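A single structure is presented below for examination.
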Amino acid sequence: MILEMRDICKDYAMGKNVTHVLKNVDLDVEQGEYLAIMGPSGSGKTTLMNLVGCLDTPTSGSYNLGDRDITKLTHRQLAEVRNKEIGFVFQSFNLLPKLTALDNVALPLLYGGVRKSERRRRAAEALETVGLSDRMDYRPDQLSGGQCQRVAIARAIVGKPKMLLADEPTGALDSASGEQVMELFARLHDSGATILMITHDRSIADHADHIRFIRDGVLSGGAGNE
Ligand SMILES: Nc1ncnc2c1ncn2[C@@H]1O[C@H](COP(=O)(O)OP(=O)(O)O)[C@@H](O)[C@H]1O
Ligand SMILES: [Mg+2]
């Protein structure tokens, strides 16, 4: 098991009121699995994604990623887990506009302390994997939305993370580009990647091996099957 969450709760305090956003969530992701979590707007998807991605910490419950107990890590250790063990793909790409595709992809390696020639070599390799070898020197404003998302996917895989985490990865794309991103995920999955994808769109979720549903902060359907 790569990821194991048990009895995760996330509350937000709003003045005197407490909102229970995630309620006793159990989530397992196995090595090599491709899982989609589906739910309507406001159901807690992004909150869950932020916990899985170590961008936020739960109110209660346990979370193990690889062999680490995430709830016991310091801020600095969490930042290292985000850099080394998780590849993020966001709806809005989150590329730096002034950097070329190559430099955007190399950025996590820069933060990870990898030397320059090695960064360039690995970033070029990741761009080749996503089919953008001929766009390495283009900036985001010189690329289409679909190409930007493929650059973002190259950036997500360049550090060889334990898991890819995608929040509405096709949400900002036309359907043809979205389909290309889904083909790319399928190819990465075939070559061994572990993928957790969050979406409200059934036709996107259907690309995963399994779908689990979240509603009002309750994640249903254990054991990886719907
Ligand atoms: N920082 C916050 N403070 C208070 N409530 C929040 C906060 N973040 C999210 N929520 C609430 O949690 C619920 C789930 O939000 P979210 O995880 O963004 O849902 P989704 O991504 O499924 O649309 C919503 O009702 C939202 O208002
Ligand atoms: Mg959301």
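For the single chain, residues carry numbers from 1 onward in sequence order. Remember, it's 1-based here, ligands and their atoms both numbered in the order they're listed. These numbers were taken from a predicted model, which means no experiment stands behind them.
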No-hydrogen, no-angle side-chain donor-acceptor test under 3.5 Å, R135 and S133: no
Test: D69 and K72 ion pair at under 4.0 Å: yes
Proximal ligand 1 atoms for M14, defined as those under 4.0 Å from one of its heavy atoms: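 Every atom of ligand 1 under 4.0 Å from some heavy atom of M14: 4 (C).
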For atom 3 (N) of ligand 1, closest protein heavy-atom neighbour: Y12 CG, 3.4 Å
Atom 24 (C) of ligand 1 [closest protein heavy-atom partner, distance rounded to 0.1 Å]: G42 O, 3.9 Å
Ligand 1 atoms in contact with T47 (distance to a heavy atom under 4.0 Å):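 Atoms satisfying the 4.0 Å criterion: 15 (O), 16 (P), 17 (O).
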Salt bridge E125-R122, side-chain N to carboxylate O under 4.0 Å: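 Here E125 does not pair with R122 in a salt bridge, since their nearest N and O are not under 4.0 Å apart.
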No-hydrogen, no-angle side-chain donor-acceptor test under 3.5 Å, S177 and D174: yes
P40 heavy atom under 4.0 Å from ligand 1: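 The answer is yes: ligand 1 sits under 4.0 Å from a heavy atom of P40.
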Donor-acceptor side-chain pairing of T199 and D201 below 3.5 angstrom: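 Judged by distance alone, the side chains do not pair up.
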Under 2.8 Å: N/O/S of T46 next to the Mg ion (ligand 2): yes
From the candidates N50, D167, V21, the one that places a heavy atom nearest atom 11 (C) of ligand 1: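 Nearest option to atom 11 (C) of ligand 1, by heavy atoms: V21.
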Under 3.5 Å donor-acceptor, D26 side chain and D7 backbone: yes
Identity and separation of the nearest protein heavy atom to atom 18 (O) of ligand 1: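 Ranked first by proximity to atom 18 (O) of ligand 1 is T46 CB, 3.8 Å.
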contact_flag S43 ligand 1 heavy-atom lt 4.0 Å: yes
Under-4.0 Å heavy-atom contact between protein and atom 6 (C) of ligand 1: yes
From CA spacing to verdict: salt bridge (Lys or Arg N to Asp or Glu O under 4.0 Å), D103, R119: CA-CA 9 Å; D103 288 338; R119 290 201 302 268; over 6 Å; no
Atom 21 (O) of ligand 1 protein-contacted, heavy-atom criterion under 4.0 angstrom: yes
Protein contact to atom 19 (O) of ligand 1 [nearest heavy atom, distance to 0.1 Å]: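 Nearest neighbour among protein heavy atoms for atom 19 (O) of ligand 1, to 0.1 Å: G44 N, 3.3 Å.
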From CA spacing to verdict: salt bridge (Lys or Arg N to Asp or Glu O under 4.0 Å), R6, D28: CA-CA 9 Å; R6 286 292 173 272; D28 290 322; 3.0 Å; yes
